[in-house]
Amino acid sequence: MKNVLPLAAVASLSVACASAGPVGASSAPASYNTGWSGGDSVSAHAAPSTVAPQPTAPSGGYRASATAEASAEPSQSTTAATPPSLRPGLATSWGETRYSAVRHTPFERSSAQPFATAMIHYNDARLAALQASHRVATSGAQWFPVYRDAVRVSLRDERGVALPGHSTGDRMYVIGQSGQRYTILVENHSDQRFEAVVSVDGLDVINGRPASPGYRGYLIAPHGSITIEGFRQSSSTVAAFRFGAVGESYAAERGDARNVGVIGVALFAENGWAPTEVDEVETRDAANPFPGPYAPPPRRVYWQ
C-alpha cells in the first residue's frame, strides 16, 4: 500500500497523499522554527476532502461560534453531558489564517498500526495541576519522549518556547492560557524517517474529522523536525491553534467536544525499516529470563 504524505517544515512542507485518504507532511530542518518562510515549493493536489472543514459561523475574530450548526455526525456523549459552553478549562479554537505550504512526498508504512504514540493533555494552570494530581507527577517537563526519547513532542508558544507542564511517565499535562497561540513541535533524533498522524481535541489536524491513525500525516526526516501551526485549510494555509473556552472551540463547533484538552501523535515507521540501537534496547528490555522449562541443544555444537 503505497501512499504519499505532506512535509511540515519551515522551508517547505511535504505532504504524503494517499489515493483515497488525507494528506501528510515531512520536514527538513532539525531545529525549531516559528513560522513559514516564503518561496516554498508546493505540489498542491490535495483533494478537498482532506482539508479541515471551516467553521460555518465564526464570531469574534478567530473564535468559532459555539452555536453554529455542526456539520459532523452528532456525538453520542455530548447530548447527555454538560453543554460545552458551561464546561471549564481550555480547548483549541479555530485561529487566524497563517501561511504553511505543503507538498506531496511518497511514504510507504511498514505496518498499518503505529509503532508508538504520544498523548499530551493541556489545560489552564489550576486544572492541569488538578489533572496531574491524580497521578504521580513531576514538574518541569517540557516535552513528551517517544520511542525511548528518539522522538520528542512538545507544545510551544509564539516565540518557540516550550510550554510548562507536569509529566507522569505515560502522559504529560501542559499549562496554557486563554487566547494564547501555540504550535506542536515533533522532533526526530533518530536515523529513520517517520510519519506522524496528529490530532487536537480528537480531530485530525489535516482534515478536521474525528481523528484516526488510518489517516495520513506529516513526514519527519531523520534528525529533522516538524512544526504544526494549526488546522489545515488548504495546501498553503492553516487556521492557527489558539487556546480558548470549550464552548468556542473548533471541536464544539464540529459537534463533539468530549475530547477537548488532549493532543495525540501516532508514529509510523517506513517500509524496510532497519533495526537501530533503540530497537535493540527495546528487544533486550522485553527479553524473558524463563521462556521454557528445559534447554534444547543448539543446531551447531561449538564445544564437546
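The basis for the numbers below is simple: all heavy atoms, side chains too, and nothing from hydrogens, waters or symmetry mates.
Here the closest non-hydrogen pair linking Pro213 and Val197 is O-CG2, 4.2 Å. Nearest heavy atoms, Val146 versus Thr117: CG1-O, 4.1 Å. In this structure, Tyr99 and Ala101 approach most closely via the heavy-atom pair OH-CB, 3.3 Å. Minimum interatomic distance between Asn123 and Leu90 (heavy atoms only, all atoms of both residues): OD1-N, 3.0 Å. Here the closest heavy-atom approach between residue Ala196 and residue Val265 is recorded as CB-CG1, 4.1 Å. Considering every non-hydrogen atom in both Phe144 and Arg171, the closest pair reads CE1-CA, 3.3 Å.
Under the 4.5 Å side-chain heavy-atom criterion for grouping Ile, Leu, Val, Met, Phe, Trp and Tyr, Tyr147 is connected to Val198 within one hydrophobic cluster. No path of Ile, Leu, Val, Met, Phe, Trp and Tyr side chains, each step under 4.5 Å between heavy atoms, connects Phe115 with Met119, placing them in separate hydrophobic clusters.
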- Message: What verdict does the side-chain contact (heavy atoms from CB on, under 4.5 Å) test give for Glu270 and Arg109, after you've listed the backbone C-alpha separation in whole Å, the side-chain angles of each residue and the deciding distance to 0.1 Å?
- Response: CA-CA 5 Å; Glu270 191 164 13; Arg109 294 177 177 177; over 6 Å; no
- Query: Which is it for Thr183 and Arg181 under the side-chain contact (heavy atoms from CB on, under 4.5 Å) test, yes or no, and what are the steps along the way?
  - Reply: CA-CA 7 Å; Thr183 63; Arg181 183 171 72 85; 3.9 Å; yes
- Run the side-chain contact (heavy atoms from CB on, under 4.5 Å) check on Ile184 and Val153 step by step: do they pass? CA-CA 7 Å; Ile184 303 169; Val153 182; 4.3 Å; yes
- Message: Walk me through whether Glu96 and Val238 qualify under side-chain contact (heavy atoms from CB on, under 4.5 Å).
- Response: CA-CA 8 Å; Glu96 70 280 7; Val238 296; over 6 Å; no
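Note that the CD1 atom of Ile206 and the CD atom of Gln233 stand 14.0 Å from one another [nearest 0.5 Å]. Atom CG of Leu267 is separated from atom CD of Glu195 by 9.5 Å, given to the nearest 0.5 angstrom. To the nearest 0.5 Å, the span separating CZ on Arg258 from CG on Asp256 amounts to 4.0 Å. Summarising the geometry, atom CG belonging to Leu185 is positioned 8.5 Å from atom CD1 belonging to Ile226; distances are rounded to the nearest 0.5 Å. Residue Ile263 holds its CD1 atom at 6.0 Å from OG1 of Thr92, rounded to the nearest 0.5 Å.
Within the 4.5 Å cutoff, no side-chain heavy atoms of Asp201 are placed close to those of Val262. Taking the side chain as every heavy atom from C-beta outward, Val102 and Arg232 approach each other to under 4.5 Å. Annotation: side chain of Ser199 is not in contact with side chain of Asp204 (no heavy-atom distance under 4.5 Å). At least one side-chain heavy atom of Pro114 sits less than 4.5 Å from a side-chain heavy atom of Phe268. For the pair Val260 and Ser249, the minimum side-chain heavy-atom distance is below 4.5 Å. Between Leu163 and Asp157 the shortest side-chain heavy-atom distance falls below 4.5 Å.
A donor atom on one side chain and an acceptor atom on the other are found under 3.5 Å apart for Arg156 and Ser154. Neither side chain, Asn188 nor His223, offers a donor N or O lying under 3.5 Å from an acceptor on the other.
Between Tyr173 and His121, the two ring planes are parallel [angle under 30°; tilted spans 30° to 60°]. Between Tyr182 and Tyr122, the ring-plane angle classifies as tilted under the 30° and 60° cut-offs.
Salt bridge annotation for Glu248-Arg242: absent, with no cationic side-chain nitrogen under 4.0 angstrom from a carboxylate oxygen. For Glu229 and Arg98, the salt-bridge test passes: some basic side-chain N is under 4.0 Å from an acidic carboxylate O. Comment: Arg126 does not engage Asp124 in a salt bridge, judged by the lack of any side-chain N to carboxylate O separation of less than 4.0 angstrom.
Judged by distance alone, the side chain of Ser111 and the main-chain N or O of Gln113 form a donor-acceptor pair under 3.5 Å.
The six-membered or imidazole ring of Phe231 lies near that of Tyr250, with a centre-to-centre distance under 6.0 Å. Checked against the 6.0 Å centroid threshold, Trp273 and Phe107 do not count as a close aromatic pair.
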